[in-house]
Amino acid sequence: MIRTDTENDAVGERRIRVLIADDQPLVRRGLALILGPSPSISVVAEAENGEQALVLAREHRPDVVVMDIRMPVLDGVAATERLARDLPECRVLALSTFDMDEYVVAALRAGAYGFLPKDSSPEDLVAAIRTVRAGEAAVAPRLLTRLISTYVRNEQVAPPNHRRPAAQRTSGLTPREVEVWRLVATGLDNKQIASTMEISVSTVKNYISSIFDKLGARDRAQAVIAAYESGLVAARRATDPD
């Protein structure tokens, strides 16, 4: 188990407290060195597997856990699920070597607030941590829909008992909310949805808040996953154009 110094905790209230979980020592050190110079971020601990991440999260109460998905002992998906249940204030940013990884969808469903490929830039990492700390989904809409569509194509996006027909999932939504949900699932951002539907961005935000509440989705990523699981949006086939 590896920990960092916590001498900066006195000013931790003004900084985003980050725990890094990765089974590769060089990756952990590299991430810590990337984040170290940032005046708004303090790395409070490092863990080499999901089990250690849970122990250190309970001890240090970080704001954000940068979590590798594939780790020994307890993988990042299982660790994310337990953190979301037991320490919901610790928001998870999932990391993967590959940008198209079915485990990413599982991590988002388990409660991760965002996802980054490991080859992302330091600037993207810092920006994603700040976004996750603010309670927003840190994943590019187009990447998210490509990822989920690929996953659904393999019919693994949800266990059979979690798949529900669109009519059942949308029964509590108004027709306009269903349309907004569909556009969210196709990768449009709020401005694009507003333009498509000829409504204001603030109205789109109100619709999305209502949709999240009715679906039981915490963020945009979970709403997109629910759209594909329900059949509201069909996964593209391998022969479909981009």
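Heads up: numbering here begins at 1 and tracks the sequence. From a predicted model like this one, the values you see are computed outputs, not experimental measurements.
Considering all non-hydrogen atoms of both residues, I34 and P122 come closest at CG2-CB, 3.6 Å. Between Y103 and V77, the shortest heavy-atom contact is O-CG2, 3.7 Å. P62 approaches V44 most closely through the heavy-atom pair CB-CG2, 4.3 Å. Across V224 and A185, no two heavy atoms sit closer than the pair CG2-CA, 3.9 Å.
Between V184 and I193 there is a side-chain heavy-atom pair separated by less than 4.5 Å. Side-chain contact between R15 and I41 is absent, with no heavy atoms from C-beta onward closer than 4.5 Å. Under the 4.5 Å side-chain criterion, counting only non-hydrogen atoms from C-beta, M71 is not in contact with Q24. Between E46 and L19 there is no side-chain heavy-atom pair separated by less than 4.5 Å. S96 is listed as a side-chain neighbour of F115, based on a closest heavy-atom distance under 4.5 Å. You'll find the side chain of D22 stays beyond 4.5 Å of the side chain of M67, heavy atoms only. Side chains of V204 and N206 form no contact here, defined as non-hydrogen atoms less than 4.5 Å apart. Between L74 and N49, the closest side-chain pair of non-hydrogen atoms is not below 4.5 Å.
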Verdict with supporting geometry, S40 and R130, side-chain hydrogen bond (donor to acceptor under 3.5 Å, both in side chains): CA-CA 9 Å; S40 62; R130 289 173 176 161; 3.0 Å; yes
Worked verdict on L125 versus L116 for side-chain contact (heavy atoms from CB on, under 4.5 Å): CA-CA 7 Å; L125 175 62; L116 277 183; 4.0 Å; yes
side-chain contact (heavy atoms from CB on, under 4.5 Å) between D68 and R28, intermediate numbers included: CA-CA 10 Å; D68 184 26; R28 289 197 304 273; over 6 Å; no
Derivation of the side-chain contact (heavy atoms from CB on, under 4.5 Å) call for V201 and T203: CA-CA 5 Å; V201 172; T203 299; over 6 Å; no
Cut-off 3.5 Å, no hydrogens considered: what does the side-chain donor-acceptor table look like for residues 80-95, sequence neighbours left out?
unit_1: T80; atom_1: OG1; unit_2: G76; atom_2: O; d: 2.7
unit_1: E89; atom_1: OE2; unit_2: R61; atom_2: NH1; d: 3.0
unit_1: R91; atom_1: NH1; unit_2: R133; atom_2: O; d: 2.5

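Note that the OG1 atom of T131 and the CG atom of D124 stand 10.0 Å from one another [nearest 0.5 Å]. Put simply, CG on L108 and CD1 on I225 are 5.0 Å apart, with the number rounded to the nearest 0.5 Å.
In terms of modelled atom types and a separation under 3.5 Å, the side chain of W181 and the main chain of A223 share a donor-acceptor contact. Judged by distance alone, with hydrogens and angles left aside, the side-chain atoms of E177 form a donor-acceptor pair with the main-chain N or O of T174 at under 3.5 Å. Side-chain atoms of S209 come within 3.5 Å of backbone atoms of K205 as a donor-acceptor pair (strictly under, hydrogens ignored). With hydrogens and angles ignored, the 3.5 Å screen pairs a side-chain donor or acceptor of D75 with a backbone N or O of A78. With Q222 contributing its side chain and R218 its backbone, the two residues share a donor-acceptor pair below 3.5 Å. In this structure, the side chain of R17 does not engage the main chain of V64 through any donor-acceptor pair within 3.5 Å. A donor-acceptor pair under 3.5 Å is absent between the side-chain atoms of S38 and the main chain of L35, judged by distance alone. At least one donor-acceptor pair under 3.5 Å links the side chain of T196 to the backbone N or O of Q192. With hydrogens and angles disregarded, a donor-acceptor distance shorter than 3.5 Å links the side chain of S230 to the backbone of L232.
A salt bridge links R182 with E179; the closest basic N to acidic carboxylate O contact falls under 4.0 Å.
Counting only residues at least two apart or on different chains, no salt bridge (Lys or Arg N to Asp or Glu O under 4.0 Å) pair has a member in residues 33-43.
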